[in-house]
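Worksheet: the structure to be examined is printed underneath.
So you know, we letter chains A, B, ... as the sequences are listed, proteins then strands, and number each from 1. Just so it is clear, the model here is predicted, and its values are computed rather than measured.
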Amino acid sequence: MYSELETHYGYLFEKELLEEISKIAIYKEVTKGTTLMSIGQYVKSMPILLNGAIKILREDSEGDELLLYFLEKGDTCAMTLTCCTGNKKSEIKAITELDTRLLMIPVEKMETWLATYKSWRDFVLNSYHHRFMELLDTVDTIAFKKMDERLLKYLKDKKAVTGNKVIKSTHQEIAYELHTSRVVISRLLKKMEQEGRISLRRNAVYVL
DNA sequence: TCATTAACACGGG
DNA sequence: CCCGTGTTAATGA
């Protein structure tokens with residue numbers, strides 16, 4: 001595990017920190033579609049992604065959901081950074097988008113490392129900033145853009161995260177994540193297909 | 001004007 | 001047949 005940690009994070013962390021991480025972190029393999037975190041759950045460790053992707057969703061009391069952003073290799077979850085220090089409950093839901101391998105770091109360690117390793121502090125602050133920007137981008141999209149642009153961003157993000165032009169989702173699933181109805185998604189996808197930007201199959205969308 | 005909801009027909013697996 | 005898809009009509013914001 002150490003060598004893999006070094007290939008992904010060697011440019012960020014010094015040797016002693018890499019060794020500490022490999023000693024303490026719990027290695028996990030998670031298959032696609034697993035719920036890693038639900039709203040209201042307590043956060044007691046911090047995930048670091050080795051590969052794969054995780055989608056972060058907000059959910060209202062009726063269970064309607066809204067996609068916030070994706071976490072990828074080298075990312076960590078910003079919510080844990082705020083939640084775990086104050087022993088607060090999670091405000092978000094996290095589901096693996098792909099088969100994902102990750103390291104879980106206990107809260108106490110992640111806090112002590114903040115004091116001992118500058119590289120760790122930089123990493124945490126940078127991820128926090130990065131997540132915040134991502135969130136702002138999503139807020140802009142929701143607040144100022146119409147559904148067709150939101151759908152386009154969704155398809156682009158999904159393509160980037162999976163590294164695949166083929167997005168395997170039904171119109172209904174897309175509608176849930178964007179918090180709208182299937183009719184709208186079907187209509188917009190059809191329009192985009194006529195414009196030659198995508199190609200539609202059953203259970204799949206080809207981004208061109 | 002555009003989203004939502006309900007309803008219906010088509011067709012592929 | 002069942003489910004995903006495409007479309008329409010009615011209603012509302």
Of all the choices, C:dT5, C:dT8, B:dA3, which nucleotide is nearest to the side chain of A:Arg187 once you look at every atom?
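In terms of side-chain proximity for A:Arg187, the closest of C:dT5, C:dT8, B:dA3 is B:dA3.
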Among the candidates C:dG4, C:dG6, B:dT4, find the nucleotide nearest to the side-chain atoms of A:Asn203.
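Ranking C:dG4, C:dG6, B:dT4 by closest atom to the A:Asn203 side chain puts C:dG4 first.
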So, [X] versus [Y]: side-chain donor-acceptor pair below 3.5 Å or not?
| X | Y | value |
| --- | --- | --- |
| A:Arg201 | A:Ser199 | yes |
| A:Gln41 | A:Ser90 | no |
| A:Glu16 | A:Tyr117 | no |
| A:Tyr69 | A:Arg131 | no |

Rounded to whole angstroms, how far apart are [atom1] on [X] and [atom2] on [N]?
| X | N | atom1 | atom2 | result |
| --- | --- | --- | --- | --- |
| A:Asp148 | B:dC2 | CG | P | 10 Å |
| A:Arg182 | B:dA7 | CZ | C1' | 11 Å |
| A:Ile185 | C:dT5 | CD1 | P | 11 Å |
| A:Lys191 | B:dA3 | NZ | C1' | 13 Å |
| A:His179 | B:dC2 | NE2 | P | 21 Å |
| A:His171 | B:dT5 | NE2 | C1' | 18 Å |
| A:Lys190 | C:dT5 | NZ | C1' | 9 Å |
| A:Glu173 | C:dG4 | CD | P | 8 Å |

Would one find more than 12 heavy atoms of other residues, nucleotides or ligands at under 6.0 Å from atom OH of A:Tyr154?
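Correct, the count exceeds 12.
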Could you tell me whether the phosphate oxygens of C:dT7, OP1 or OP2, come under 4.0 Å of any side-chain nitrogen or oxygen in A:Ser186?
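No, because none of the side-chain N or O atoms of A:Ser186 sits under 4.0 Å from OP1 or OP2 of C:dT7.
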Verify the contact: side-chain N or O of A:Arg201 to OP1 or OP2 of C:dT5, cut-off strictly under 4.0 Å; return yes or no.
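No, because none of the side-chain N or O atoms of A:Arg201 sits under 4.0 Å from OP1 or OP2 of C:dT5.
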Report for the helix from B:dT1-C:dA13 to B:dG13-C:dC1: angle between first-end and last-end helix axes, five pairs each, rounded to 10 degrees.
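Helix axis angle between the two ends: 10°.
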Using a heavy-atom cut-off of under 4.0 Å over every strand shown, decide if A:Thr170 touches base, sugar-phosphate, or nothing.
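Sugar-phosphate contact only.
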Are the charged groups of A:Lys55 and A:Glu97 less than 4.0 angstrom apart, N to O?
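A salt bridge is present here (some side-chain N lies under 4.0 Å from a carboxylate O).
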Check: A:Ser38 side chain, A:Lys93 main-chain N or O, donor-acceptor pair, under 3.5 Å:
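No, the answer is negative, given that no donor and acceptor are paired below the 3.5 Å cut-off.
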A:Glu72 backbone acceptor or donor facing A:Asp75 side chain under 3.5 Å:
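Flag set: sc A:Asp75 to bb A:Glu72 pair under 3.5 Å.
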Atom pairs under 3.5 Å: protein N/O with N/O of nucleotides 9-13 of chain B:
residue: B:dG11; atom: N2; partner: A:Arg202; partner atom: NH1; Å: 3.3

Which value, rounded to the nearest 0.5 Å, describes the distance between A:Trp120 atom CH2 and A:Leu17 atom CG?
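Nearest 0.5 Å value for the CH2-CG distance: 6.5 Å.
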